[in-house]
Amino acid sequence: MSAETPRRIVLLRHAKAEWSQESDHERPLADRGRKDAPVAGRRLADSGIDVDLALCSTAGRTRETWKLAVHEFPRRPRTVYEERLYAASVGELIALFNEVSDDIRTLLVIGHNPGMHGVADVLAGQARGDTLTRLTRDGFSTAAFAVVEFQGPWKKLEPGVGTLTEYWTPND
């Protein structure tokens, strides 16, 4: 695969979580989250996006979101549970993406806000249709996902090089 191969990052925010007595890291999904996560998975599967690698935060709500969403996929991608996704800043997320091997064409990231919203916004130098307007206006709701496409190697991924091609929320 050439370094100029088109690449895609799918940024999936975890589904709605409970506010509980447990630590923030271990919070489980709420009933609504358990309903929305498979819907997001089905929407991703129906879009035809073929994920090569999934990076999932180690937090309970992201692991549970991924477990429910991935059952809707026609093929389960290789999954890595990544501690650095929890509470990651935009800069930390981009640095993590720069480590991805160039044999990966499509990366799915299951993470948290404000990171998911921030990195979608920062990477998108361009946007297709009203995707950026909707992302800016509506925020990055739970179980929502954004798709950012770019050309070139992962190590050259930086602010403004991508195109926001899709933004979906469970309310769409």
Side-chain angles (χ1 to χ4, degrees), residues 1 5-17 28-82 85-86 88 90 93-94 96-97 100-101 103-124 126-151 154 157 162-172:
M1 193 176 305
T5 299
R7 302 197 193 281
R8 182 183 296 141
I9 303 171
V10 180
L11 302 161
L12 173 62
R13 184 178 175 198
H14 65 78
K16 182 74 175 165
L29 291 183
D31 288 341
R32 189 179 100 206
R34 285 189 287 281
K35 291 176 188 166
D36 287 348
V39 173
R42 170 58 37 211
R43 177 64 180 85
L44 277 168
D46 289 347
S47 73
I49 294 173
D50 187 27
V51 175
D52 300 311
L53 173 65
L55 293 180
C56 183
S57 165
T58 56
R61 59 194 178 273
T62 51
R63 293 189 323 258
E64 194 175 352
T65 297
W66 179 230
K67 179 180 174 183
L68 293 168
V70 74
H71 285 295
E72 302 295 328
F73 284 41
R75 177 186 68 81
R76 183 184 180 96
R78 182 169 69 96
T79 301
V80 174
Y81 294 92
E82 177 57 65
L85 287 172
Y86 181 72
V90 169
L93 289 169
I94 292 173
L96 181 61
F97 302 161
V100 173
S101 169
D103 65 336
I104 301 300
R105 183 169 178 194
T106 300
L107 173 68
L108 170 65
V109 181
I110 306 95
H112 310 268
N113 255 0
M116 294 293 96
H117 187 171
V119 80
D121 191 41
V122 165
L123 291 176
Q126 300 177 51
R128 194 174 290 159
D130 69 345
T131 53
L132 190 56
T133 301
R134 289 177 44 243
L135 176 66
T136 302
R137 180 190 66 218
D138 301 340
F140 208 115
S141 69
T142 55
F145 67 83
V147 180
V148 177
E149 295 180 359
F150 71 100
Q151 297 269 339
W154 289 99
L157 180 66
T163 299
L164 182 65
T165 60
E166 187 171 355
Y167 174 64
W168 178 88
T169 72
N171 299 324
D172 287 351

Review point. So, does Asp36 use its side chain to make a donor-acceptor pair with the main chain of Ala15 at under 3.5 Å?
Key: no
Review point. Atom CG in Leu135, atom CH2 in Trp168: separation rounded to 0.5 Å?
Key: 14.5 Å
Exercise for review: Calculate, to the nearest 0.5 Å, the distance between atoms CZ and CG belonging to Arg78 and Leu55 respectively.
Suggested key: 8.5 Å
**Study point:** Minimum-distance pair of heavy atoms, taken over all atoms of Tyr86 and Ala59
**Key:** CD1-CB, 3.9 Å
Practice item. Kindly determine whether Lys35 and Lys16 satisfy side-chain contact (heavy atoms from CB on, under 4.5 Å), including the steps that lead there. Key: CA-CA 9 Å; Lys35 291 176 188 166; Lys16 182 74 175 165; over 6 Å; no
Review point. Checking Arg13 side chain against Pro114 main chain: does a donor-acceptor pair fall under 3.5 Å?
Key: no
Exercise for review: Considering only NZ, NE, NH1 and NH2 on the basic side and carboxylate oxygens on the acidic side, decide whether Arg43 and Glu72 come within less than 4.0 Å.
Suggested key: no
Check your understanding: Which is it for Asn171 and Thr169 under the side chain to side chain donor-acceptor pair (under 3.5 Å) test, yes or no, and what are the steps along the way?
Key -> CA-CA 5 Å; Asn171 299 324; Thr169 72; 4.6 Å; no
Review point. Does the Arg105 side chain pair with the main chain of Pro6, one donor and one acceptor, at a distance under 3.5 Å?
Key: yes
Review point. Which pair of heavy atoms, one from Pro77 and one from Leu53, lies closest together, and at what distance?
Key: CB-N, 4.3 Å
Point to revise | Between Arg32 and Thr142: side-chain donor-acceptor atoms closer than 3.5 Å | key: yes
Point to revise | Nearest heavy atoms of Thr62 and Ser57, plus distance in Å | key: OG1-O, 2.9 Å
Exercise for review: Please answer whether the main-chain N or O of Tyr167 pairs with a side-chain N or O of Arg134 as donor and acceptor at a distance below 3.5 Å.
Suggested key: yes
Point to revise | Phe140 and His117 aromatic ring geometry - parallel, tilted or perpendicular at 30°/60° bounds | key: tilted
Review point. Any side-chain heavy atom of Leu44 within less than 4.5 Å of one from Val51?
Key: no
Check your understanding: Once you round to the nearest 0.5 Å, how far does CG of Leu29 lie from OG1 of Thr65?
Key -> 4.0 Å
Review point. Any idea which heavy atoms bring Lys67 and His71 closest together, and the distance?
Key: O-CD2, 2.7 Å
Point to revise | Closest approach of His112 to Leu85 (non-hydrogen atoms, all atoms of both residues) | key: CD2-O, 3.8 Å
Point to revise | Leu157: which of Ile9, Val100, Leu107, Val148 passes side chain to side chain contact (heavy atoms under 4.5 Å, CB included) | key: Ile9
Exercise for review: Search all heavy atoms of Arg128 against all heavy atoms of Thr163 and return the closest pair with its distance.
Suggested key: N-CG2, 4.2 Å
Review point. After noting the C-alpha distance and the side-chain angles of Asp50 and Thr106, does the key distance pass the side-chain contact (heavy atoms from CB on, under 4.5 Å) rule?
Key: CA-CA 7 Å; Asp50 187 27; Thr106 300; 5.9 Å; no
Check your understanding: Can you check side-chain contact (heavy atoms from CB on, under 4.5 Å) on Thr131 and Thr165, steps first, answer last?
Key -> CA-CA 7 Å; Thr131 53; Thr165 60; over 6 Å; no
Practice item. For the residue pair Leu164 and Leu123, establish whether any side-chain heavy-atom pair is separated by less than 4.5 Å. Key: no
Review point. How many angstroms lie between CZ in Arg8 and CG in Asp52, if you round to the nearest 0.5 Å?
Key: 9.5 Å
Exercise for review: Would you indicate whether the side-chain heavy atoms of Glu166 and Val10 approach each other to under 4.5 Å?
Suggested key: no
Practice item. Could you tell me whether the side chain of Leu96 reaches within less than 4.5 Å of the side chain of Val109, counting heavy atoms only? Key: no
Point to revise | Inter- and intrachain pairs under ring pair (Phe, Tyr, Trp, His ring centres under 6.0 Å), touching residues 29-67, at least two apart | key: Trp66-Phe73
Check your understanding: Is the backbone N or O of Ile104 less than 3.5 Å from a side-chain atom of Arg7, with the two atoms forming a donor-acceptor pair by type?
Key -> yes
Exercise for review: Give the intermediate values and the outcome of side-chain contact (heavy atoms from CB on, under 4.5 Å) for residues Val122 and Ile94.
Suggested key: CA-CA 10 Å; Val122 165; Ile94 292 173; 4.2 Å; yes
